[in-house]
Amino acid sequence: GECGACAVGVFRQVGPDREKTLRVGVITYTQDDPFINGLTDELKAQLKAMENKERRIIVSIKSGNDDQQEQNEKVEEMIDAGCDVLCINLVDRTAPSRIIRMARNEDIPVIFFNREPVREDLMQWEKLYYVGCDAEQSGIMQGEIAAEYINSHPEVDKNKDGKIQYVLLEGEAGHQDAISRTEYSVKTLMKKDVILEKLSYQLADWNRGQAENRMNRLISQYGKKIELVMSNNDEMALGAVEAIGSRKIVVVGFDATDDAQAAVKAGKMAATVAQKPDLMGATAVETAQKILNGETVDKEIPVEVELITK
């Protein structure tokens, strides 16, 4: 279009020296998630790296404090303050409608990251995007690494009944990553000839302390029966490690946070799957740049994951 140069009017012209300022609003679901905090730091660093003589970049970061309504209000404040692109890590992936409506009214593109909105919501408007790991792929990798560990360590099957008795720690009900990681990790284990017997699924809200409590209860309920813990994220896996102490139970996590990598090295966790926050941050920023330059961008931009074992 003839307006290519003004990048869809996003880089507003200001001041006599016509310096361009790009304002990016980043809104996370909570301040208490180490993985998300690392990701936000990455995003900020990557955005700052795009600054040059012609372009200033202002990044504001807010949190929804685990409350979708509060997150909606924070988005509204950011839009009112002036914003050129929004990067949002939803509190509730099933409830982005109000955010979409507000952004659309002001023609502000939205990049959802790490928590994938429902497909129909992503299709509501052409300026909505998602950057994040493919939860299905993530679950498959978690299942593969667990299967590999179990198949090469026959002692995991403590009661030698040819089955692996397991518990699963879930992030939260209705969260796409939790659902897919759970489903695909378990399916993949079965495909790799691991016979599973489910003892319990427990929701622990992605949280280390909650997972430790749940795990203590599971241990008092099932005792030596538990042979494997699959966890939707590392914080919960680390909570399980605390509760397990010196007992022989295999723990597999997800995220590869620093603490988890240390636990894998120390032999307290069998493995974790790395989501790469630096790559996700870079991808989100690259996506923002393309959108603002008026380039065509896929609605869903996957980010690779990798395995971490001892």
Side-chain angles (χ1 to χ4, degrees), residues 33 135 138-175 177-257 259-273 307-310:
D33 183 328
S138 306
I140 290 170
M141 283 182 83
Q142 195 183 32
E144 281 175 351
I145 193 71
E148 202 173 295
Y149 188 89
I150 291 161
N151 290 332
S152 59
H153 295 77
E155 69 278 8
V156 174
D157 183 10
K158 288 184 294 197
N159 60 1
K160 302 196 174 29
D161 64 351
K163 289 185 281 210
I164 300 297
Q165 280 74 26
Y166 78 106
V167 297
L168 197 137
L169 298 171
E170 291 196 275
E172 64 193 88
H175 183 301
D177 283 352
I179 296 165
S180 297
R181 275 179 211 168
T182 298
E183 184 186 338
Y184 287 98
S185 61
V186 171
K187 269 189 189 161
T188 304
L189 271 161
M190 290 170 171
K191 261 195 202 136
K192 301 269 177 198
D193 303 324
V194 176
I195 300 166
L196 291 173
E197 184 185 327
K198 168 175 149 182
L199 298 176
S200 179
Y201 278 22
Q202 295 284 324
L203 290 168
D205 211 23
W206 309 107
N207 178 283
R208 194 184 295 206
Q210 278 197 42
E212 187 176 348
N213 293 340
R214 296 273 185 283
M215 197 65 209
N216 278 323
R217 239 183 295 165
L218 289 167
I219 289 168
S220 59
Q221 190 177 346
Y222 297 104
K224 287 200 173 67
K225 268 180 113 168
I226 305 171
E227 295 171 337
L228 169 69
V229 177
M230 297 290 281
S231 174
N232 283 171
N233 79 340
D234 279 338
E235 279 298 289
M236 296 188 295
L238 290 160
V241 165
E242 287 295 317
I244 288 164
S246 61
R247 294 177 184 85
K248 290 271 174 269
I249 300 175
V250 175
V251 180
V252 179
F254 194 98
D255 277 346
T257 57
D259 286 0
Q261 292 192 45
V264 170
K265 280 200 179 74
K268 291 180 176 165
M269 267 172 72
T272 178
V273 178
L307 296 171
I308 308 285
T309 49
K310 201 165 173 180

Sequence-distant partners of K163, salt bridge (Lys or Arg N to Asp or Glu O under 4.0 Å), two or more places apart: E197
Given V229, which of I244, L168, L218, V241 fulfils the side chain to side chain contact (heavy atoms under 4.5 Å, CB included) condition? I244
For E242, check salt bridge (Lys or Arg N to Asp or Glu O under 4.0 Å) against everything at least two apart and list the hits. none
For residues 179-201, the ring-ring contact (aromatic ring centres under 6.0 Å, His included) pairs (sequence neighbours left out) are none
So among Q142, K187, E170, which one has a side-chain hydrogen bond (donor to acceptor under 3.5 Å, both in side chains) with T182? E170
Enumerate the residue pairs fulfilling side chain to side chain donor-acceptor pair (under 3.5 Å) with a member in residues 148-157, sequence neighbours excluded, ordered by first and then second residue. none
Among residues two or more places apart or on two chains, list those pairs meeting ring-ring contact (aromatic ring centres under 6.0 Å, His included) that have a residue in residues 202-233. H175-W206
Could you list the residues that satisfy salt bridge (Lys or Arg N to Asp or Glu O under 4.0 Å) with E235, not counting sequence neighbours? R208
Would you please name every residue forming a salt bridge (Lys or Arg N to Asp or Glu O under 4.0 Å) with K191, sequence neighbours left out? none
Residue set satisfying side-chain hydrogen bond (donor to acceptor under 3.5 Å, both in side chains) with N233, at least two apart, ordered chain then number -> none
Nearest heavy-atom contact between L169 and A240 is CD1-CB, 3.9 Å
With rounding to the nearest 0.5 angstrom, report the CE to CD distance, M269 to Q261. 9.5 Å
Looking at every non-hydrogen atom in both residues, tell me the closest pair between A256 and I308 and how far apart they are. CB-CG1, 3.8 Å
M190 versus L196: any side-chain heavy-atom pair under 4.5 Å? yes
Please check: side-chain N/O of S185 versus main-chain N/O of G143, any donor-acceptor pairing under 3.5 Å? no
Nearest-0.5 Å distance that lies between atom CG in L228 and atom CD1 in I150: 4.5 Å
What residue pairs, at least two apart or across chains, pass side chain to side chain donor-acceptor pair (under 3.5 Å) with a residue in residues 210-221? none
So, for V252 and A146, which heavy atoms are closest and what is the spacing to 0.1 Å? CG2-CB, 4.0 Å
Taking V194 as the fixed residue, which of L189, V186, V156 is the one that meets the side chain to side chain contact (heavy atoms under 4.5 Å, CB included) rule? L189
Are any side-chain N or O atoms of R181 and backbone N or O atoms of G139, one a donor and one an acceptor, separated by less than 3.5 Å? no
So, for A266 and K310, which heavy atoms are closest and what is the spacing to 0.1 Å? C-NZ, 4.5 Å
What residue pairs, at least two apart or across chains, pass salt bridge (Lys or Arg N to Asp or Glu O under 4.0 Å) with a residue in residues 221-230? none
I would like to know whether S231 and F254 meet side-chain contact (heavy atoms from CB on, under 4.5 Å); could you show each step before the answer? CA-CA 7 Å; S231 174; F254 194 98; over 6 Å; no
Are K268 and V251 close enough, and set up right, to give a side-chain contact (heavy atoms from CB on, under 4.5 Å), and what steps lead you there? CA-CA 8 Å; K268 291 180 176 165; V251 180; over 6 Å; no
Measure the CD1-CG distance between I145 and L307 for me, rounded to the nearest 0.5 Å. 4.5 Å
Set of residues satisfying side-chain hydrogen bond (donor to acceptor under 3.5 Å, both in side chains) with respect to T272, sequence neighbours excluded: D234
Only pairs at least two apart or in different chains count here, so list each side chain to side chain donor-acceptor pair (under 3.5 Å) that has a residue in residues 245-256. D255-Q275
Nearest atoms (heavy-atom pairs only) where M236 meets G171: CE-N, 3.5 Å
Can you tell me if D205 uses its side chain to pair, donor with acceptor, with the backbone of N207 under 3.5 Å? no
Below 4.5 Å, heavy atoms only, C-beta onward: do M215 and V167 meet side chain to side chain? yes
